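A quick write-up on the structure given underneath.
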2 protein chains.
Amino acid sequence: MENTAENVRAQMRKGVLEYCILSILNKREAYASSIIEELKAVGMIVVEGTLYPLLIRQKNQGLLSYRWEESTQGPPRKYYVISDKGREQLAQMDDAWKELVETIDTLKRV
Amino acid sequence: MENTAENVRAQMRKGVLEYCILSILNKREAYASSIIEELKAVGMIVVEGTLYPLLIRQKNQGLLSYRWEESTQGPPRKYYVISDKGREQLAQMDDAWKELVETIDTLKRV
DNA sequence: TTTAATACCTTGTATCGCAAAGTACCAAAA
DNA sequence: TTTTGGTACTTTGCGATACAAGGTATTAAA
């Protein structure tokens, strides 16, 4: 049972990923590989085996829909689009996130 | 599969609990029930079935030690104390937490 | 037609938090 | 003395999440 710096980060990310996905899709449509790229760019490594099931879950919950689009460089891409319900969920998550940040801040101070 | 506001909060807390415990114990020694009280006070409900195994895990990792202390009102209490290794881990977690907060912030903006 | 790149998907595993139930100690009331 | 209620610690079974690893399919270039 190791506890590297990487493990610590992975641990902290738990449960926040869903929030990140909705946040990304709230800005623009995207397909899985591009989402992974964006997350990697901000230092949040996510692997395919994590992302695909997550997208399917959110789609099944009605938070997302998707459409196929041809690519000039490879197989067709599944572009995900956030739904009204997804935006409601995102608003809730924004609140929950703010609360969490404040909670940690309070805990450290008092 | 419901998605109430409470579920959203519970989701977000995942993985952050360990950080909270070390943060609390870095301020002062505490026993499980008092830790639950403190977390409840800042709006972070945690139940016994979650906290006790977590404390045992952290103790087994050498992040904490404990000592028994008599109570005037009930059975003896197991006071947990953070160790040097625990403080190192906490420092790593502080960094990881800051990074995560910045990451989310970046994701929302760009 | 083979190879490389891109993209999507599935399976098995470990871990985490929760719900629920159980054990034990102590003091005050019956 | 026995019972009751409060406090505290512990365990078991479950559902959900992320990861590792491997698989399938499409396209274009060699």
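These numbers were taken from a predicted model, which means no experiment stands behind them.
- Side-chain proximity of B:Pro76 to C:dC18, C:dC25, D:dT10: nearest is C:dC25.
- The side chain of B:Tyr31 places an N or O atom within less than 4.0 Å of a non-bridging phosphate oxygen (OP1 or OP2) of D:dA8.
- The side chain of B:Arg57 contributes an N or O atom lying less than 4.0 Å from OP1 or OP2 of C:dG17.
- Nucleotide D:dC19 holds its P atom 10 Å from the CD1 atom of A:Ile36, rounded to whole Å.
- Taking the side chain as every heavy atom from C-beta outward, A:Glu29 and A:Arg67 approach each other to under 4.5 Å.
- Side-chain contact between A:Val46 and A:Ile35: absent, with no pair of heavy atoms (C-beta onward) separated by less than 4.5 Å.
- OP1 or OP2 of C:dC26 has not a single side-chain nitrogen or oxygen of B:Ser71 nearer than 4.0 Å.
- Residues A:Asp84 and A:Arg87 meet the side-chain proximity criterion, which asks for heavy atoms closer than 4.5 Å.
- Taking only side-chain nitrogens and oxygens, B:Tyr52 comes nearer than 4.0 Å to OP1 or OP2 of D:dC9.
- For D:dC19, one of the phosphate oxygens OP1 or OP2 lies less than 4.0 angstrom from a side-chain nitrogen or oxygen of A:Thr50.
- In the set D:dC9, D:dT7, C:dC18, the nucleotide with an atom closest to the side chain of B:Pro75 is D:dT7.
- Distance from the side chain of B:Arg77 is smallest for D:dT7 among the nucleotides C:dG17, D:dT27, D:dT7.
- Rounded to whole angstrom, the span from the CD1 atom of A:Ile45 across to the P atom of D:dT17 amounts to 22 Å.
- Nearer to the 5' terminus of DNA chain D, by closest-nucleotide assignment, is the contact made by B:Pro53 (compared with the other of B:Pro53 and A:Pro53).
- Closest approach to the B:Leu54 side chain among C:dG17, D:dA8, C:dA7 is made by C:dG17 (side chain taken as heavy atoms from C-beta onward).
- Between A:Leu90 and A:Leu63 there is no side-chain heavy-atom pair separated by less than 4.5 Å.
- Between the side chain of B:Glu48 and the base of D:dC9, at least one donor-acceptor pair of N or O atoms lies under 3.5 Å.
- Nearest-nucleotide assignment on DNA chain D puts the 5′-proximal partner with A:Gly15, out of A:Thr72 and A:Gly15.
- For the pair A:Lys59 and A:Lys78, the minimum side-chain heavy-atom distance is 4.5 Å or more.
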